[in-house]
Structures are given as C-alpha cells and as structure tokens.
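Take a look at the structure set out below.
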Amino acid sequence: MDEPSVEPTLKYWIVKSEPFKYSWDDFVNEKRSVWEGVRNYQARNNLMAMHLNDLVLFYHSNEGKEIVGLARVVREHYPDPTTDDSRWVVVDLEPVERFPKTVPLARIKADSRLQELSLVRQSRLSVLPLHRAEFDILVGIAYE
DNA sequence: GCCAACGTTGGC
DNA sequence: GCCAACGTTGGC
C-alpha cells in the first residue's frame with residue numbers, strides 16, 4: 001500500500017452529457033439526477049462499478065466539450081426505470097460544485113500528463129473511469 | 001457535414 | 001465463429 005486512504009474504495013469517473021439535452025445547470029436545478037438511458041455494455045459496467053460517494057466529473061459533449069463540474073454518487077446502481085429491459089441500470093448523482101474554470105477537451109489533449117485519459121482514448125463511451133492522479137490533475141486545472 | 005471509432009446485427 | 005453492412009457517438 002503506497003498511500004493510506006480514508007475511503008479505500010473511492011473511485012473516480014467521468015460522465016458525459018450533451019448540454020442541449022441535459023446540462024450542468026439542469027442538473028443543479030434538479031439537485032439530484034437519475035443517470036438514465038445508458039445503452040452500452042461497457043458504460044453499464046462502469047455504472048455498476050460505482051460506489052456511494054464516488055466522485056464524478058461532469059463533461060459537456062458536442063457543445064462545450066469541457067468538464068464543467070463535480071458530482072458524486074448518492075445511490076448505487078439499480079434497474080433503469082425508463083426501460084423494461086433488465087440489462088440496463090442507473091445510478092443517482094448529486095452536484096457537488098461547479099468548477100471555477102471549465103477544463104476544455106483541447107486543454108486536456110494538450111497536456112502530456114493526460115494522454116492516457118479514458119476521455120481521450122475512448123471518446124465515444126459515455127461513462128468512463130479515470131485514475132486518481134488524472135482526477136487530481138483535472139481538478140488542479142479547474143482551480144488554476 | 002464529414003468521418004473515425006466502435007458496437008450491433010445477421011447472413012453464411 | 002467470421003465478417004460485411006449498418007447505426008451511433010462525438011470531435012473536428
């Protein structure tokens with residue numbers, strides 16, 4: 001063990017949303033979101049691996065193309081209420097804070113430390129894991 | 001609007 | 001089980 005941790009199971013994630021469908025502001029207004037509609041097995045598996053209080057970066061795809069804020073998992077996976085198909089699950093998310101500065105994709109791609117980031121390497125996946133070190137770098141940029 | 005990168009479907 | 005055809009996502 002190289003690093004003692006208060007939350008040994010805490011993991012880090014990125015979720016993507018097209019802002020004209022569901023934006024960060026929509027999320028804040030709702031105060032809590034059922035993260036519904038994921039229909040991709042890999043993204044579903046990531047949802048199922050989320051634990052309570054895991055931290056989640058909120059990314060605007062298509063328009064904006066930037067990380068805008070931080071959320072956390074407030075309910076672990078359960079069946080997606082928008083379908084009868086038992087393969088699909090949701091989690092519940094709550095906003096934690098809007099970042100003082102967004103982190104644009106172009107900024108991420110220009111950073112040599114972030115070349116392995118899942119968001120860069122698997123750009124089509126809507127729910128992505130990331131490493132603690134990458135999370136720290138991204139939050140650092142958001143607070144520069 | 002184009003296209004790369006995937007994922008899914010279905011014929012064989 | 002392979003692979004061609006097709007659909008979707010999302011960056012550019």
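Only this structure's heavy atoms are used, side chains among them; waters, hydrogens and symmetry mates stay out. Here is the naming used below: chain letters follow the sequence lines, and residue numbers restart at 1 for every chain. As the structure is a prediction and not an experimental result, all values here were calculated from the model.
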Subject >> Pairs meeting criterion ring-ring contact (aromatic ring centres under 6.0 Å, His included) with involvement of residues 108-144 of chain A, two or more places apart >> reply: A/Y12-A/F135
Hey, what are the protein-to-nucleotides 3-6 of chain C N/O distances that come in under 3.5 Å?
none

Strictly under 3.5 Å: I want the nitrogen or oxygen pairs between protein and nucleotides 10-12 of chain C, one per line.
unit_1: C/dG11; atom_1: OP1; unit_2: A/Y59; atom_2: OH; d: 2.9
unit_1: C/dG11; atom_1: OP2; unit_2: A/N62; atom_2: N; d: 2.9
unit_1: C/dG11; atom_1: O3'; unit_2: A/K109; atom_2: NZ; d: 3.4
unit_1: C/dC12; atom_1: OP1; unit_2: A/K109; atom_2: NZ; d: 2.6

Original post:
Do A/D80 and A/T83 have side-chain N/O donor and acceptor atoms under 3.5 Å apart?
Top reply: no
**OP:** Send over the distance from A/R87 CZ to B/dG7 P, rounded to a whole Å.
**Re:** 15 Å
**OP:** Could you point out which residue of A/W24, A/W35, A/F27 forms a side chain to side chain contact (heavy atoms under 4.5 Å, CB included) with A/S17?
**Re:** A/W35
Original post:
Has the side chain of A/E144 got a donor or acceptor atom that lies under 3.5 Å from a matching backbone atom of A/G140?
Top reply: no
**OP:** Sort out for me which residue in A/E36, A/H77, A/M50 forms a side chain to side chain contact (heavy atoms under 4.5 Å, CB included) with A/V89.
**Re:** A/H77
Original post:
Would A/I108 and A/E66 count as a side chain to side chain contact (heavy atoms under 4.5 Å, CB included) if you check the C-alpha gap in whole Å, the side-chain angles of each, and the deciding distance to 0.1 Å?
Top reply: CA-CA 9 Å; A/I108 292 168; A/E66 57 193 3; over 6 Å; no
**OP:** Sequence neighbours left out, what passes side chain to side chain contact (heavy atoms under 4.5 Å, CB included) with A/A142? Give chain and number order.
**Re:** A/F99, A/V103
**OP:** Could you tell me whether A/W13 and A/F58 have their ring centroids closer than 6.0 angstrom?
**Re:** no
**OP:** Output the residues of residues 39-47 of chain A in contact with DNA chain B, where contact means a heavy atom of the residue under 4.0 Å from an atom of the strand; sort by number or write none.
**Re:** A/N40, A/Y41, A/Q42
**OP:** Could you verify whether a donor N or O on one side chain and an acceptor N or O on the other, from A/E30 and A/Y22, lie under 3.5 Å apart?
**Re:** yes
Subject >> Under the side-chain hydrogen bond (donor to acceptor under 3.5 Å, both in side chains) test, residues paired with A/D85 that sit two or more places apart >> reply: A/R87
